[in-house]
Amino acid sequence: MTETNYPFVDIHTHFNGKRGAEQISIQNIFIQDFEQNSFEIPFSVGWHPWDYNKVEKVNWNEFLKSIENESDLLAIGESGLDKAIEVSLDFQKEIFLKHIELSEELKKPLIIHCVRAYSEILEIRKSSKAQMPWIIHGFNANIQIAKQCIQKGIIPSFGAFLFNEKTKAFRTIRELKGELFFLETDDQEKYEIKDIYNQVAQIHRIELEELKENIYITFKRLFDLS
Ligand SMILES: [Zn+2]
């Protein structure tokens with residue numbers, strides 16, 4: 001029997017965050033649900049594009065103050081760009097840029113929701129000169145885009161799409177053996193993070209433990225944890 005050395009890392013989940021020897025999960029909190037000091041779990045917080053019409057204006061200075069001392073805050077987001085919703089792209093970009101500022105100011109990685117806006121995200125990465133790692137969660141684009149992203153410090157994160165061979169995500173992950181990527185459960189109740197890991201280990205024909213080690217090392221490095 002092999003012993004477990006590294007925890008699973010679920011980089012983005014809408015369910016309970018975890019911090020332990022077996023699993024670390026970053027729970028996504030929507031900005032409208034955020035209450036100071038109410039969490040004792042690793043979390044990220046941000047304004048989701050789907051809520052851009054629902055939430056009233058945010059006072060960004062107050063928001064920054066409310067989160068800057070949260071020791072469990074591991075990342076900013078999810079926020080991002082979504083071309084499938086009826087909110088103007090200019091407005092979406094304005095909100096997204098606020099999240100980039102927070103991420104840079106607090107030195108926390110940024111978790112990104114991206115639907116049909118990969119080229120815009122890449123452009124903004126360049127124009128904003130952001131230094132912190134970005135993570136495009138639910139990544140579902142081709143290998144060229146994935147490689148461009150990784151080169152610029154934007155790490156793709158994969159989840160349930162990996163169980164559908166017809167998705168771009170499935171084809172892309174096959175080519176990403178040994179590259180930087182994360183895995184996630186997002187809002188899926190059907191899969192646990194270990195199922196996603198097992199799927200990738202199988203696709204890459206590597207041992208589960210090797211995959212766990214690779215992702216954990218990436219996680220520690222990019223999230224500056226020691
Ligand atoms: Zn999500």
Side-chain angles (χ1 to χ4, degrees), residues 8-19 23-35 38-39 41-55 58 63 67 70 72-87 89 92-93 95-96 98-100 102-103 108-118 120-121 124 132-141 145-146 149 154-164 167-170 172-173 181-197 199-200 215 218-219 222-223:
F8 291 103
V9 178
D10 188 347
I11 213 75
H12 178 74
T13 175
H14 288 259
F15 304 110
N16 287 338
K18 286 194 181 95
R19 174 178 26 230
Q23 186 175 332
I24 297 168
S25 319
I26 302 179
Q27 184 177 347
N28 183 83
I29 310 282
F30 296 121
I31 197 165
Q32 65 270 30
D33 298 333
F34 178 71
E35 286 169 48
S38 58
F39 309 102
I41 47 164
F43 72 96
S44 66
V45 60
W47 195 354
H48 195 294
W50 296 352
D51 297 332
Y52 285 171
N53 277 337
K54 287 185 222 155
V55 182
V58 172
F63 182 59
I67 60 174
E70 290 278 352
D72 292 318
L73 177 75
L74 292 199
I76 302 298
E78 64 184 290
S79 182
L81 303 177
D82 189 327
K83 282 197 182 161
I85 57 172
E86 286 179 16
V87 177
L89 204 58
Q92 294 194 39
K93 282 181 181 169
I95 306 296
F96 182 48
K98 287 287 176 194
H99 288 78
I100 295 169
L102 287 173
S103 155
K108 307 278 181 194
L110 177 61
I111 295 175
I112 297 173
H113 168 99
C114 170
V115 175
R116 295 192 230 137
Y118 291 90
E120 285 84 354
I121 300 279
I124 294 173
M132 292 311 295
W134 291 0
I135 296 155
I136 294 186
H137 101 84
F139 193 90
N140 193 28
I145 294 174
C149 284
I154 308 174
I155 314 303
S157 174
F158 298 88
F161 285 135
L162 299 182
F163 293 92
N164 179 351
T167 61
K168 287 180 183 164
F170 182 87
T172 296
I173 197 83
F181 60 85
F182 285 117
L183 300 175
E184 66 183 43
T185 55
D186 196 14
D187 56 358
Q188 297 287 324
E189 288 182 274
K190 201 170 151 193
Y191 302 107
E192 289 180 42
I193 193 65
K194 69 169 183 338
D195 303 326
I196 314 258
Y197 268 72
Q199 177 73 346
V200 175
I215 292 178
T218 304
F219 172 68
L222 296 184
F223 283 73

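Just so we're clear, the structure is a prediction, and the values are computed from it rather than from any experiment. Indexing begins at 1, ligand by ligand and atom by atom, following the structure's order.
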### Message
Run the side chain to side chain contact (heavy atoms under 4.5 Å, CB included) test on Asn140 and Phe158 for me, step by step, so that the C-alpha distance in whole Å, both residues' side-chain angles and the decisive distance to 0.1 Å come before the verdict.
### Response
CA-CA 8 Å; Asn140 193 28; Phe158 298 88; over 6 Å; no
### Query
Just by modelled atom types, is the Val87 backbone N or O under 3.5 Å from a matching donor or acceptor in the Gln92 side chain?
yes
### Query
Tyr118 side chain to Phe139 main-chain N or O, any donor-acceptor pair under 3.5 Å?
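No, Tyr118 side chain to Phe139 backbone: no donor-acceptor pair under 3.5 Å.
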### Test item: side-chain donor near acceptor, Glu78 and His14, under 3.5 Å
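The criterion, which ignores hydrogens and geometry beyond distance, is satisfied for His14 and Glu78.
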### Query
What residues form a salt bridge (Lys or Arg N to Asp or Glu O under 4.0 Å) with Lys18, not counting sequence neighbours?
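Partners of Lys18 by the salt bridge (Lys or Arg N to Asp or Glu O under 4.0 Å) criterion come out as none, since no residue qualifies.
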### Within-4.5 Å side-chain heavy-atom neighbours: Tyr52 and Ser79
yes
### Query
Close to the Zn ion (ligand 1), meaning under 2.8 Å, how many protein N, O or S atoms are there?
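Total protein N/O/S atoms under 2.8 Å from the Zn ion (ligand 1): 4.
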